[in-house]
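Only a predicted model underlies this, so the values are computations on that prediction, with no experimental measurement involved.
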Amino acid sequence: MEEVRPRISKEIEISPTKLAEIQKEIKNIPEFKKKIEEFLTGRVGELLEIILGGAISLDASDIHIEPEENQTKIRLRVDGVLQDVLVFQKKIYKTLLSRIKLLSGIKLNITDRPQDGRFSILLDETPRPKGARLAEAVRPNKGRGSPGAAIEIRASALPAEYGESIVMRILDPKSLIEIEALGLRKDLLQIFKKEIKKPNGMIVVTGPTGSGKTTTLYAFLKKIHQPEIKIITIEDPIEYHLEGVSQTQVNPKKGYDFASGLRSIMRQDPDVVLVGEIRDLETAQIALQAALTGHLVLTTLHTNDAAGTVARLQALGEKPVNIAPAINMAIAQRLVRKVCQNCVRFVPISSELLKKIKKELKVLPKKIKIPELKEGLKIPQAKGCKDCNFTGFRGRIGIYESFFIDDEMEKFILTSPSISALRELATKKGMISMYCDGLIKFLKGITTLEEVERVTGE
């Protein structure tokens with residue numbers, strides 16, 4: 001009889017029924033810890049299944065497995081904040097590490113340098129043979145949707161003092177939301193909808209890693225996607241898959257970077273191009289040229305605020321004469337945690353805080369409606385319960401600032417202004433800062449003042 005060799009799968013299959021069971025049992029960190037402890041002495045495949053299923057249930061964005069001298073720690077990043085889950089023995093860590101490496105396509109025998117890989121969690125309703133283990137089932141990836149939807153897991157292994165630190169980034173297709181769900185004020189929402197329908201120009205979204213830039217750009221693409229529009233993206237890596245959109249991923253090892261990829265994309269006659277990030281002068285030049293020659297270009301930059309967009313492009317080596325006419329709009333954003341609606345308390349605002357907020361919001365245009373600033377105004381206060389992992393917060397929402405390049409702004413950019421001078425002019429022309437946008441959400445009971453100040457650094 002021919003020997004049947006085991007197949008190494010880069011996919012874990014978790015049925016919707018199994019995931020529903022995990023979600024029913026795991027609703028907070030203590031329950032997650034208890035469930036993992038039940039499987040610590042079991043098979044490593046089942047343990048990894050619980051870890052992944054529980055993290056998805058808790059809407060975690062990352063799973064951190066960190067070896068220490070005598071133990072290993074698991075932490076989850078939920079709503080942008082890391083939370084400890086539990087510690088376990090090093091021998092369990094070693095088998096878990098091997099399993100994750102196998103699934104991710106990471107070489108087992110390399111431990112002295114960083115490695116990256118990825119695998120999928122398939123939510124497949126197809127019946128399995130009796131006795132088949134979920135973590136060993138091999139099925140073709142049917143793409144996004146339900147059933148057969150897939151959650152991508154990006155794994156990173158980094159050599160550390162006591163072993164390899166593993167971080168698994170969870171890319172859940174449900175994170176792809178409509179533009180209306182981003183948390184935009186009504187005035188910004190209408191402006192954004194108008195700007196993304198323009199046939200050419202560049203829209204730049206700025207902010208640090210993890211501030212929701214990709215989510216915003218994908219929401220733009222979902223809004224403008226139509227059969228008659230050709231959309232191509234170049235990303236590093238492709239985080240989510242959009243039906244009907246041509247997506248390409250850079251591969252620097254093979255000479256396929258943002259600049260060369262973007263140059264090739266322009267020969268494909270696209271209407272809209274998404275450039276994952278502008279990192280160098282060559283990419284900036286090609287992207288700006290595309291925006292000037294009849295294409296709508298969506299991209300991201302790493303800057304602290306919207307006003308820093310022009311200075312960042314200049315720092316890369318681009319000239320103001322090319323920047324000013326190409327950019328339509330610059331956006332900066334952050335994500336703030338929303339107060340848990342199950343346990344939030346509303347308390348009267350203090351006179352001192354009321355005075356401070358009045359001062360900060362005095363620049364608001366009258367068209368922007370906010371609660372009346374008066375004594376007795378109730379403001380939210382985070383408390384904590386089982387529903388929110390005892391943090392007082394559940395879910396996140398964006399806070400934004402943006403400015404638009406009109407004739408006056410274009411002429412001003414040609415003078416190579418400082419960031420503060422550009423911010424001052426943008427404010428005079430109606431730009432509302434992220435901090436003020438956060439204060440508006442605070443007054444509406446969506447988040448807390450402490451959270452706004454933590455995120456914006458004010």
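The two residues Ile170 and Ala60 come nearest to each other via the heavy atoms CD1-O, 3.6 Å. In plain terms, the two heavy atoms of Ile22 and Gly54 that are nearest each other are CG2-N, 3.7 Å. Residues Leu58 and Val78 come closest through the heavy atom pair O-CG1, 3.7 Å. Of all heavy-atom pairs spanning Gly438 and Ile399, the tightest one is CA-CG2, 3.7 Å.
Side-chain atoms of Ile368 and Asp187, non-hydrogen and from C-beta on, do get closer than 4.5 Å to each other. Side chains of Phe393 and Thr448 form a contact here, defined as non-hydrogen atoms less than 4.5 Å apart. Side-chain contact between Gln314 and Pro320 is present, with heavy atoms from C-beta onward closer than 4.5 Å. With contacts defined as side-chain heavy-atom distances shorter than 4.5 Å, the pair Ser246/Ile231 does not qualify.
Side-chain contact check for Thr248 and Tyr256: at least one donor-acceptor pair (N or O, by modelled atom type) lies under 3.5 Å. Asp172 and Ser175 form no side-chain donor-acceptor contact under 3.5 Å, judged by distance and modelled atom types alone.
Residue-environment remark: NZ (Lys429) exceeds the threshold of 12 foreign heavy atoms within 6.0 Å. Lys27 NZ: 12 or fewer foreign heavy atoms inside a 6.0 Å radius. Other residues, nucleotides and ligands contribute at most 12 non-hydrogen atoms within 6.0 Å of the CD atom of Glu352. Enclosure of atom NZ in Lys383 is not indicated, since only 12 or fewer non-hydrogen atoms of other residues, nucleotides or ligands lie within 6.0 angstrom.
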Please test Arg75 against Glu66 for side-chain contact (heavy atoms from CB on, under 4.5 Å), starting from the C-alpha separation and ending with a verdict.
CA-CA 8 Å; Arg75 297 197 289 173; Glu66 303 165 336; 3.0 Å; yes
After noting the C-alpha distance and the side-chain angles of Thr300 and Thr206, does the key distance pass the side-chain contact (heavy atoms from CB on, under 4.5 Å) rule?
CA-CA 6 Å; Thr300 72; Thr206 74; over 6 Å; no
The test is salt bridge (Lys or Arg N to Asp or Glu O under 4.0 Å); show your working for Lys230 and Asp271 and say whether it passes.
CA-CA 5 Å; Lys230 173 80 170 182; Asp271 297 293; over 6 Å; no
Please test Glu180 against Lys193 for salt bridge (Lys or Arg N to Asp or Glu O under 4.0 Å), starting from the C-alpha separation and ending with a verdict.
CA-CA 10 Å; Glu180 291 82 3; Lys193 284 182 177 180; 3.1 Å; yes
Steps toward side-chain contact (heavy atoms from CB on, under 4.5 Å) verdict (Leu298, Val273)
CA-CA 6 Å; Leu298 309 177; Val273 179; over 6 Å; no
Are Tyr435 and Val452 close enough, and set up right, to give a side-chain contact (heavy atoms from CB on, under 4.5 Å), and what steps lead you there?
CA-CA 7 Å; Tyr435 181 58; Val452 173; 3.8 Å; yes
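In this structure, the side chain of Glu401 does not engage the main chain of Ser433 through any donor-acceptor pair within 3.5 Å. Judged by distance alone, the side chain of Asn389 and the main-chain N or O of Thr391 form no donor-acceptor pair under 3.5 Å. Formation of a donor-acceptor pair under 3.5 Å by the His302 side chain with backbone atoms of Gly207 is found in this model. A donor-acceptor pair is defined here as one N or O able to donate and one able to accept, closer than 3.5 Å; such a pair exists between the side chain of Lys213 and the backbone of Pro208. No donor-acceptor pair under 3.5 Å is formed between the side chain of Ser104 and the backbone N or O of Lys101. Side-chain atoms of Thr447 never come within 3.5 Å of backbone atoms of Lys441 as a donor-acceptor pair (strictly under, hydrogens ignored). A donor-acceptor distance shorter than 3.5 angstrom exists from the side chain of Gln115 to the backbone of Ile110, with no hydrogens or angles considered. A distance-only check finds a donor-acceptor pair linking the side chain of Tyr400 to the backbone of Leu182 [under 3.5 Å].
Ion pairing between Lys356 and Glu453 holds under the 4.0 Å rule for side-chain N and carboxylate O. Taking a cutoff of 4.0 Å between a charged side-chain nitrogen and a carboxylate oxygen, Arg154 and Glu239 qualify as a salt bridge. Between Asp406 and Lys411 there is no salt bridge, since no side-chain nitrogen of the basic residue lies less than 4.0 Å from a carboxylate oxygen of the acidic one. In this structure, Asp437 pairs ionically with Arg185, as a charged nitrogen and a carboxylate oxygen lie closer than 4.0 Å. A salt bridge links Arg118 with Glu152: at least one charged nitrogen is closer than 4.0 Å to a carboxylate oxygen. A salt bridge links Asp236 to Arg279: at least one charged side-chain nitrogen sits closer than 4.0 Å to a carboxylate oxygen.
Distance OG/Ser156 to CD1/Ile100: 11.5 Å, rounded to 0.5 Å. Annotation: the span from Ile203 atom CD1 to Leu274 atom CG amounts to 10.5 Å, rounded to 0.5 Å.
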Without placing hydrogens or testing angles, list every side-chain donor-acceptor pair under 3.5 Å for residues 417-424, not counting sequence neighbours.
{"unit_1": "Ser418", "atom_1": "OG", "unit_2": "Ser420", "atom_2": "OG", "d": "3.2"}
{"unit_1": "Ser418", "atom_1": "OG", "unit_2": "Ala421", "atom_2": "N", "d": "3.1"}
{"unit_1": "Arg423", "atom_1": "NE", "unit_2": "Asp305", "atom_2": "OD2", "d": "3.2"}
{"unit_1": "Arg423", "atom_1": "NH2", "unit_2": "Asp305", "atom_2": "OD2", "d": "2.6"}

Between side-chain atoms of residues 327-350 and protein atoms elsewhere (two or more places apart, or another chain), which donor-acceptor pairs fall under 3.5 Å?
{"unit_1": "Asn328", "atom_1": "ND2", "unit_2": "Asn200", "atom_2": "O", "d": "2.8"}
{"unit_1": "Gln333", "atom_1": "OE1", "unit_2": "Thr216", "atom_2": "OG1", "d": "2.6"}
{"unit_1": "Gln333", "atom_1": "NE2", "unit_2": "Ser211", "atom_2": "O", "d": "2.8"}
{"unit_1": "Gln333", "atom_1": "NE2", "unit_2": "Gly212", "atom_2": "O", "d": "3.0"}
{"unit_1": "Gln333", "atom_1": "NE2", "unit_2": "Thr216", "atom_2": "OG1", "d": "3.3"}
{"unit_1": "Arg334", "atom_1": "NH2", "unit_2": "Asn304", "atom_2": "O", "d": "2.8"}
{"unit_1": "Arg337", "atom_1": "NE", "unit_2": "Glu451", "atom_2": "OE1", "d": "3.2"}
{"unit_1": "Arg337", "atom_1": "NE", "unit_2": "Glu451", "atom_2": "OE2", "d": "3.3"}
{"unit_1": "Arg337", "atom_1": "NH2", "unit_2": "Glu451", "atom_2": "OE1", "d": "3.1"}
{"unit_1": "Gln341", "atom_1": "NE2", "unit_2": "Val339", "atom_2": "O", "d": "3.3"}
{"unit_1": "Asn342", "atom_1": "ND2", "unit_2": "Asp387", "atom_2": "OD2", "d": "3.4"}
{"unit_1": "Arg345", "atom_1": "NH2", "unit_2": "Gln381", "atom_2": "OE1", "d": "2.7"}
{"unit_1": "Ser350", "atom_1": "OG", "unit_2": "Leu353", "atom_2": "N", "d": "3.2"}

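The one candidate from Val204, Thr299, Leu217 that meets the side chain to side chain contact (heavy atoms under 4.5 Å, CB included) condition with Val275 is Thr299.
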